[in-house]
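Notes follow once the structure below has been shown.
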Amino acid sequence: MALNRQLWIAIASVMVIAFVSSLAISFQSARAYFEEQLHLKNIDNANTLALTLSQVEKDPVLIELMIAAQFDTGHYQRLELLDPSGEPIASRTRATDAVGDVPGWFAELAELRVDPGIAQVPDGWQQYGTLYVESLSGFALEALWDTTVELFLWFFGIAAVLGLLGSMVLKSLTRPLDDVVDQAESIGNQRFIATPEPRTLEFRRVVRSMNILSARVRDMLGEERSRLEEMRQRLQRDALTGVGNRGRFDDVLGALLADDDPNRQHGLFLVRLVDLAEINRQLGHQETDALIKDLATRLGAVAGEHRDSFSDEHLARLNGSDFALILTDLLDAKPLAERLTEAMQELAARHAETTAMQTALSAGRFGPGDERSSILIRLDDGLARAEHRETTCLEWATQGEDVDRLHGSDEWRAILHDAIEEQRIHAAHFATRRIDGRLIHREAMLRLEDARQTLTAGQFLPWARRLGLLPQLDLAVAESELERLARTPDPDGEPIALNLSIDTLLDESTRGRLLGLLASHTARAAMVSIELAERAAIDHPAAFREFCAVAVPLGYRVGIEKAGLAVTEIDVLHELGLSYLKLDRSLTTDLAASESNRSYLRGITGMAHAIGLTVIADGVRSAEELTQLGELGVDGASGPGVPE
C-alpha cells in the first residue's frame, strides 16, 4: 500500500478516535447540563405557578383556565394539579415531544431523563393540591444534535486539511525515495545513474548506498568497455594510422562476398605508396610515419565527401605501403576515383621538395558471389599498371561498362516516387531465432514491386540514398507493417523488426511523423523491434538518444545492427534502454581460424549480457557456425544457417 494512502488511513483513524472520544465526553456533559437546567426550570415554573394559584379563588373552572393559559404560552410537556387524594383537578399534556430534524436513533440514544417540578398549592391553612410541571425537552435534543453535527463537520474539515498538508509534507519527504525507486528501476533496466543525497538521514544512507552500487557497476562496465576497446585496437586497427588492419579488411571482404542479396554492388580501391623504402631513407622514420598518417587521413576525408554515394566505408592498411578502401553499395565509382586521384596528387605535390613521391591507385567493383582471389588479382594488376606509369594515377580493374553500370537518376527518382505514392513498397520477412530455435522476430526487408519484377534492397536503396528518399521509404514500410499488425487478430502473432536508416533518424520531419505513428500503435508495441546501425549511435548520439527516449517508453524494443565494430565507443550504451545488439557479419566470419576474433566476440557478448542486452549474429551460413556462436555466448542468429 502506498505511503500516501497509509497516511490518509492513519489520519482518518486518529480523527475518528478523537471525534468519538470528544463526542462521548461532550455528549455526556451536554446531556447532564440540559437535564439539570430543565429540572431547575421545572422547579421554578412549578413554584411560580403554585404561588399564583394559591392567591386566586379556588374555583375549578378558574383553576382550569389558568393552567390551560399557562400551558399554551409555555413550552411544557405536562401541567397537572392533583388534589390531596391524587385525583386530578386540572391537567394538560402533549402526546409527543416534537424534536424537529433529529433522527430517531439519536433521540433514543440521547433521551433526556428530567424529573418534573413539584410544588404545593395551599388554600388558606389547608393544602389545596400538588402541582406537577414537566417542560418540553425536544429543543434540548435539537441543540444537542446540532452540536454533534457541528463537531463532526469540524473534525472532518480538520482531518481533510491535515490529510492534504500531510500529503504535501510526505511528498516532499519521500521525493528522495521516489528518486531511489527510479534509480533502482534504472539499474534493473541497465541504466546506471546517480541521484543527489537528501537531507533526511535515513534516506541519505539509502541513496548513498544506491549511488555507490550504481557507480561500481558503471565503473565495472567502463573497465570492460576499455578492455574490449584495447582488444579491438590491437586486433582490428593499424597501430600507426588507426584505420583497420589486414585482418579487418579480410573479415569485411569475406562478409560482403557472403551476403545473401546478390544484387548488392560494392567498390574497392587499392592505394600504394610506391618505393616506401626509398621514401623512408630520404625523409627519416618519423617524417615517413607522418606521411603515411597523412595519406590515411586524406583517404578517409575523400570518402566522407561522397557519403551519399555509399552506405558504409571500411578503410584498412594492408601492409607498410598499401591501403584498401571498401565502399558498400557504391553507386558511381568515377567521381570518387577522380577525387582520390586528385587527393593523392595534392599529397605528392605537398612533399615534392623533400621526396619524389608516387601513389598508385586501382579501383574495381565486386558483389556477392565473386571470387575473392579474382577480385584481388584484378586490383593488383591495376596497381602494377599504375605503378609502371611512374606518376600518381588510377587504373580501373573492371571493364568500362561495369564502372558505368549504374546511371539514370531521373528514371530512378520516378520509379521510387511512384512506388511510394502507389504503395508498392512492402517487406519480405526473414526469421531471427534463438540458438534453441525459438523465434525472436522476423526482420522486415524492403522490397519494391516494379512493373516487371520485384526489386531487392540492394538494387534500389543506393539510389534512394543518393536521391534523399530513404526516410520516405522507411516511413512507408513502417506504416505498412504496423497497420498489418493492427489488423492481425492474433495477439500472440509473430514479432517483427524494422530497419531504419541514419537518414530517417536525422530527418526531423520524418522522425517526428514516425514517432507519431509509433505512438498511435502502442497496442502492439511489444511485437515490434526497431533497428538502427551502430554508426547512427556513434556519429549522431543526440538524435539516437532522443529517439530511444521516446520509442522505448512506448514499449518498442530498440536494437543496434551492424554492431561490434565500434560499440565500445558508445559511452552511454547502458543508459539507452536498448534490447539487443545484432553483430556485424564481419565479426563472425571464419571464427574457427581466428582465436583473436573469438576472444573479442566473447568479450562483446559478456559486456552486452552484463547490461541485459540480447546478442544476435547476422548472416549465419551453417549449423556448425551456429553452434560455435552459441558456445561464445551469442543468444540468437539469422541467415541461411538458421533452420526454420
Side-chain angles (χ1 to χ4, degrees), residues 252 255-267 307-314 326-332 365-370 405-406 408-409 411-420 422-432 441-481 484 496-505 507 510 514 529-536 559-563 582 584-586 616 618-621 638-640:
V252 171
L256 293 176
L257 291 175
D259 198 301
D260 297 326
D261 189 348
N263 295 306
R264 297 186 67 184
Q265 288 291 306
H266 316 294
R307 177 71 67 183
D308 60 345
S309 298
F310 54 87
S311 58
D312 287 310
E313 64 178 276
H314 303 277
I326 298 177
L327 303 176
T328 60
D329 300 316
L330 180 62
L331 274 179
D332 189 355
R365 188 183 294 278
F366 69 95
D370 290 345
R405 188 177 64 86
L406 291 175
S409 60
E411 292 85 353
W412 272 112
R413 180 179 285 105
I415 291 173
L416 293 172
H417 272 299
D418 291 344
I420 294 172
E422 298 171 9
Q423 298 183 347
R424 288 189 282 109
I425 300 293
H426 64 93
H429 299 90
F430 298 91
T432 297
H441 56 237
R442 292 192 178 274
E443 189 172 353
M445 305 297 290
L446 280 174
R447 295 292 184 266
L448 188 151
E449 292 295 335
D450 197 11
R452 294 167 293 179
Q453 60 181 333
T454 298
L455 301 180
T456 63
Q459 293 173 282
F460 63 87
L461 281 187
W463 279 106
R465 180 178 296 106
R466 168 173 285 190
L467 299 173
L469 296 176
L470 274 182
Q472 296 183 41
L473 290 177
D474 285 348
L475 187 63
V477 75
E479 185 175 5
S480 173
E481 289 297 292
R484 182 183 63 82
I496 62 168
L498 302 174
N499 292 284
L500 296 184
S501 66
I502 298 178
D503 303 65
T504 302
L505 184 68
D507 189 298
T510 305
L514 176 64
S529 299
I530 302 173
E531 300 176 359
L532 291 110
E534 180 184 77
R535 191 160 59 87
I560 293 180
E561 64 170 344
K562 299 180 181 178
K582 189 167 285 188
D584 188 80
R585 172 60 182 162
S586 63
I616 301 170
D618 199 11
V620 176
R621 308 196 69 79
S638 63

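The first residue in the sequence is number 1, and the count goes up from there.
The residue from L473, L470, T510 that alone fulfils the side chain to side chain contact (heavy atoms under 4.5 Å, CB included) condition with S501 is L470. Paired with D474 under the rule side chain to side chain contact (heavy atoms under 4.5 Å, CB included), one option of T504, L514, D507 passes, and it is T504.
The distance from the CG atom of L500 to the CG atom of L505 is 8.0 Å, given to the nearest 0.5 Å. Distance check: R466 CZ to R413 CZ gives 10.5 Å after rounding to the nearest 0.5 Å. Going from atom CD1 of I326 over to atom CG of L256 covers 6.0 Å, rounded to the nearest 0.5 Å. Between the CD1 atom in I616 and the OG atom in S529 there is a gap of 7.5 Å [rounded to 0.5 Å]. One distance of note links CG of L330 with CZ of F310; it measures 8.0 Å at 0.5 Å rounding. To the nearest 0.5 angstrom, D370 atom CG is 11.0 Å from R365 atom CZ.
Nearest heavy-atom pair across R535 and S311 is NH2-O, 2.9 Å. Closest approach of T454 to Q459, counting heavy atoms only: O-OE1, 4.2 Å. Here the shortest heavy-atom pairing between P462 and A457 reads CD-O, 3.8 Å. Summarising the geometry of G367 relative to Q265, their closest heavy-atom pair is CA-NE2, 3.9 Å, with the distance given to 0.1 Å. In terms of heavy atoms, A497 sits closest to E531 at CB-OE2, 3.6 Å. Taking all atoms of both residues into account, the shortest heavy-atom contact from F460 to L455 is CE2-O, 3.4 Å.
Panel note: side chain R465, backbone D308; no donor-acceptor pair is recorded below 3.5 Å. Side-chain N or O atoms of D259 include none that pairs as donor or acceptor with a backbone N or O of P368 at under 3.5 Å. The backbone N or O of D312 sits less than 3.5 Å from a side-chain atom of T328, completing a donor-acceptor pair.
The shortest side-chain heavy-atom distance between R442 and F430 does not fall under the 4.5 Å cut-off. With contacts defined as side-chain heavy-atom distances shorter than 4.5 Å, the pair H426/E449 qualifies. Within the 4.5 Å cutoff, the side chain of L448 has heavy atoms near those of the L416 side chain.
Not a single side-chain hydrogen bond (donor to acceptor under 3.5 Å, both in side chains) links S480 to another residue, sequence neighbours left out. For the side chain to side chain contact (heavy atoms under 4.5 Å, CB included) test, residues two or more places apart in sequence or in another chain that qualify with A444 are A427, H429, E481, L498. Residues satisfying the ring pair (Phe, Tyr, Trp, His ring centres under 6.0 Å) criterion with H266, sequence neighbours excluded, are F366.
Under 4.0 Å is where a charged nitrogen must lie from a carboxylate oxygen, and between R585 and D618 no such pair does. Under a 4.0 Å N-O distance rule, the pair D418/R424 does not qualify as a salt bridge.
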